[in-house]
**Q** 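Attaching a single structure in structure tokens format; questions to follow.
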Amino acid sequence: MTTSEHPSSPLFSSSSGEGESYLARLNPEQRTAIETTDGSLLVLAGAGTGKTRVLTTRFAHILLTGRAKPWQILAVTFTNKAAREMRERIGFILGEPAEGLWLGTFHALCARMLRRHAEYVGLTHSFTILDTDDQLRLLKQVMEPWRIDIKRWPAPGLLGVIQRWKDRGLTPERVTDTEDSDFADGHARAIYAAYQTRLRQLNACDFGDLMLHVTEILRTRPDVLDQYHRLFRYILVDEYQDTNTVQYLWLRLLAKRSGAPSNICCVGDDDQSIYSWRGAEVENILRFEKDFPGAQIVRLERNYRSTQHILGAAAGLIAHNGERLGKTLRSGKEDARGEKVTVTGVWDSDAEARAVCDAAEKFKAQGHSLAEMAILVRAGFQTRAFEERLVQIGLPYRIVGGLRFYERAEIRDALAYMRAVHQPADDLAFERIINTPKRGVGPAALQKFHAAARAREVPLSAGTQALLTEGGVKGKMADQVRKLLDVLSTTRDILAREGHVVAVEHLLEESGYLDMWRNDRSPEAPGRLENLKELVRALADFGTLGEFLEHVALVMEHDENAGEAKLSLMTLHGAKGLEFDIVFLPGWEEGVFPSQRTLDEGGLKGLEEERRLAYVGITRARKHALIYHAGSRRIYANWQPSMPSRFLDELPEEHVARQNEGATQRRGLNLSDSVFEGGMPLTSRRRQDPLLAETTPAFQLGDHVRHPRFGVGIIIGADRHHLEVVFESGDTKRLLSSFIEKL
DNA sequence: TGTGTACACCCAAAG
DNA sequence: GGTGTACACA
């Protein structure tokens, strides 16, 4: 989500010539998308067509024309960032901060609703939202009685199954027998049910539950549903192609009002659907007209972001996909053909990192800001090579979406302390802190506390308290745990008297948690203390501890010193919705991109999603898109040959400039300059890299050959870049001759 | 009860 | 190649 690059500068000039000034300077399609306020509307918004602008202007238009009050509009996004931007821009249009809006992520909005109606699903309004870590620990505990073969059915896998069910709106009761048999010898549903029961006991829910519980309430409580029907006159949805089933159900329940039109406007782009692996159903957007009969569709196809070469390359690529609603991006900048998209072949992943970072440096020298450059990788592990190189040459960078702030150990510990104060039933939090810092509580002692809690049917902290009072445990350990419980209780007093900031400072200090890090001699310790300070500082922005905890669970992001211009390093998924002048796209190799795993699991559908991801990557670029592929890459510990991605062949020649591909393609043995590029001794590479095979074969049809990955096969065809080989497995592949050994 | 060591596993990711 | 987990040991 970015400020539109439409040449028409400020969104709303105060000079109101004809009617509503905020509608001026919009193209006709955008204007239709904004002015079609009533009824159902699907806006198919291609990359860079001013989607955010349409959404925010539409929101403002509804308000300014008096169709609804601010709180009568439900506006849903996927990320906090998108929500924040929308809020800011709406505030800008209205000329005042937008307060009291139902604008947020699916999860934040559901959390807000669930706090109101928690009792319908057996929770209280102060329920805790667990993160992935807690979920996993809880599930492991719940799984124990089943004595599942943990090797065959690992807990994360089962958690995935449960999440998938939740994504589809399936409570344990709604999971059918046939679904159940797939995992953990048919016990998955039962474990799921036990997991949900346990969550309820802890007065907690996971992210999936936020959607699931609320949807279940809306399904079963007509009175509640009616309340929202009367409240929300208009619904706006961003990134509709990313919705999963439960989100779809939630939206449909809220939108379908009896006797009133469904004023729902969904904005999305089927070509940018890249989240099927987390439950998103592209079908939701493909089916929109059926779900909302009489729906109108508006296509935004005028792209104001990228040059014609970039658009042409992206369009040529995405045209290889089957199921599409069909949309052709046209450049809104008629004059800007720009540079062709470059495709550069390099020796290996190290050379790739060098090539990319050197190019970034060169762009910088030419006056481009690092803030306008990004390296977009398929998978997180690829960032390392670039990081190393960037550090080496001293180019400032930021990793977007790596370890998030609240996922760090010290932050999670501190939050667990706060949760234990705020919510005494939160056993997971208490378990996390009981021996952090070390208080001599091992598995055996913990077992006793658990047993005491179970016997009395109270939470773990209360059970521990009881056992201590009765003298069931003794010694130094008992004293220390008693101290912890005392601190928790005095913190609650302070919380009531002096507010949450003082209380938390007391808590972290008196529990010995801060001392634990002060006494830690590891190099990370000072940074961790710094993070903790920042956490406490952030507390002050919230009225209550409860509000803060909710914010952290759902929203917390960590933007460190944003001052200096930095090169961005992130995954393609993370880059969706962003744009940069210059985009580097490394790792376009078979197995990496498209990812082997996706191909194995998803087949053609998986491939098409990968292609959409490639499309997303290219369309992030405003001026330059630079694609790279390496001849060999280190995977885990060893070097593996890699061949250029099939996507490279799908880029239309007229929009692409291919460079230096001799280094990886065609010639089997040509000790070209690229070999020496890195200054590494040749001998150390010779063994590792198949490109230095001692043959320069001239291949002929019918030749028997061997490929390092696919084994033995016969050449059945050839073109300029590739040989077509049929292998023993029966598979036919188009391969680069440099990887093929003549037999 | 804390620790050391062998191993298995891993590479998509937001809330 | 790094990391997290599961066991054996002092």
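Lettering of chains follows the sequences in order, A, B, ..., and the numbering in each one begins at 1.
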**Q** Evaluate whether the aromatic ring of A:Trp277 and the six-membered ring of the B:dA12 base sit under 5.5 Å apart, centre to centre, with an inclination under 30°.
**A** yes
**Q** Just the rounded figure in Å: distance from C1' of B:dA13 to CZ of A:Arg378.
**A**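 Checked: the CZ to C1' distance equals 10 Å.
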**Q** Rounding to a whole Å, what distance do you find between A:Asp206:CG and B:dA14:P?
**A** 17 Å
**Q** Can you measure A:Asn244 atom CG to B:dG15 atom C1' for me and round it to whole angstrom units?
**A**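 Distance check: A:Asn244 CG to B:dG15 C1' gives 11 Å.
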**Q** On DNA chain B, nearest-nucleotide positions of A:Gly440 versus A:His573: which is more 5'?
**A**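 It is A:Gly440 whose nearest nucleotide is closer to the 5' end.
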**Q** With sequence neighbours excluded, give me every salt bridge (charged side-chain N to carboxylate O under 4.0 Å, His left out) pair touching residues 273-284 of chain A.
**A**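 Sorted result for residues 273-284 of chain A: A:Glu283-A:Lys605.
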**Q** So, OP1 or OP2 of B:dA12: does either fall under 4.0 Å of a side-chain N or O from A:Thr598?
**A**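 No, A:Thr598 has no side-chain N/O under 4.0 Å of OP1/OP2 on B:dA12.
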**Q** Given A:Phe127, which partner from the list A:Leu210, A:Val121, A:Leu199, A:Asp209 fulfils the side-chain contact (heavy atoms from CB on, under 4.5 Å) test?
**A** A:Leu210
**Q** What's the shortest heavy-atom distance between A:Ile434 and A:Arg439, and which atoms?
**A** O-NH1, 3.1 Å
**Q** According to the interplanar angle, ranging from 0 to 90°, do the rings of A:Tyr228 and A:His117 count as parallel (below 30°), tilted (30 to 60°) or perpendicular (above 60°)?
**A**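 Plane angle over 60°, so perpendicular.
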**Q** Give me the ring orientation class for A:Tyr628 and A:Phe584: parallel if the planes are under 30° apart, tilted from 30 to 60°, perpendicular past 60°.
**A**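 Judged by the thresholds at 30° and 60°, the geometry between A:Tyr628 and A:Phe584 is tilted.
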**Q** side-chain contact (heavy atoms from CB on, under 4.5 Å), that's the test. Do A:Met113 and A:His213 meet it? Break it down for me.
**A** CA-CA 10 Å; A:Met113 289 183 175; A:His213 284 326; over 6 Å; no
**Q** Ignoring the backbone of A:Asn435, work out which of B:dG15, B:dA12, B:dG2 is nearest its side chain.
**A**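 The listed nucleotide nearest to A:Asn435's side chain is B:dG2.
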**Q** What's the CG-C1' distance between A:Leu613 and B:dA12, to the nearest Å?
**A**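 Those two atoms, CG and C1', are 9 Å apart.
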**Q** A:Asp238 CG to B:dA14 C1': how many Å, rounded?
**A**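 After rounding, the reported distance stands at 14 Å.
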**Q** If you only use heavy atoms from C-beta on, which nucleotide in B:dT1, B:dA13, B:dG15 is closest to the side chain of A:Ala445?
**A**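 In terms of side-chain proximity for A:Ala445, the closest of B:dT1, B:dA13, B:dG15 is B:dT1.
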**Q** Report yes if the distance between the aromatic ring centroids of A:Tyr275 and A:His573 is under 6.0 Å, otherwise no.
**A**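 Centroid distance A:Tyr275-A:His573: below 6.0 Å, so yes.
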**Q** Base, sugar-phosphate alone, or nothing: which one does A:Gly574 contact when heavy atoms must sit under 4.0 Å apart?
**A**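 Result for A:Gly574 = nothing.
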**Q** Taking only side-chain N and O atoms of A:Arg597, does any of them lie within less than 4.0 angstrom of OP1 or OP2 on B:dA12?
**A** yes
**Q** Taking the side chain of A:Asn80 as heavy atoms from C-beta outward, which of B:dA13, B:dG15, B:dT1 is closest to it?
**A** B:dG15
**Q** Using a heavy-atom cut-off of under 4.0 Å over every strand shown, decide if A:Ser595 touches base, sugar-phosphate, or nothing.
**A** nothing
**Q** For a quick check, with a 4.0 angstrom heavy-atom cut-off, what is the B/S/- contact string for nucleotides 2-10 of chain C, read 5' to 3'?
**A** ---------
**Q** In whole angstrom, what separates A:Glu388's CD from C:dG1's C1'?
**A**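 It is 11 Å, rounded to the nearest whole Å.
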**Q** Tell me: CG of A:Asp167 to P of B:dA13, nearest whole Å?
**A** 16 Å
**Q** List for me each residue that meets ring pair (Phe, Tyr, Trp, His ring centres under 6.0 Å) alongside A:Phe430, sequence neighbours excluded, and say none if there are none.
**A**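 Here no residue qualifies.
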**Q** I need the CZ-P distance between A:Phe207 and B:dA14, as an integer number of Å.
**A**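 Between P of B:dA14 and CZ of A:Phe207: 11 Å.
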**Q** The side chain of A:Lys438 is closest to which nucleotide in this list: B:dG2, B:dA12, B:dG15?
**A**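 Nearest to the side-chain atoms of A:Lys438, counting from C-beta on, is B:dG2.
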**Q** Kindly point out which of B:dA14, C:dG1, B:dA13 is positioned nearest to the side chain of A:Thr571?
**A**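 So the side chain of A:Thr571 is nearest to B:dA13.
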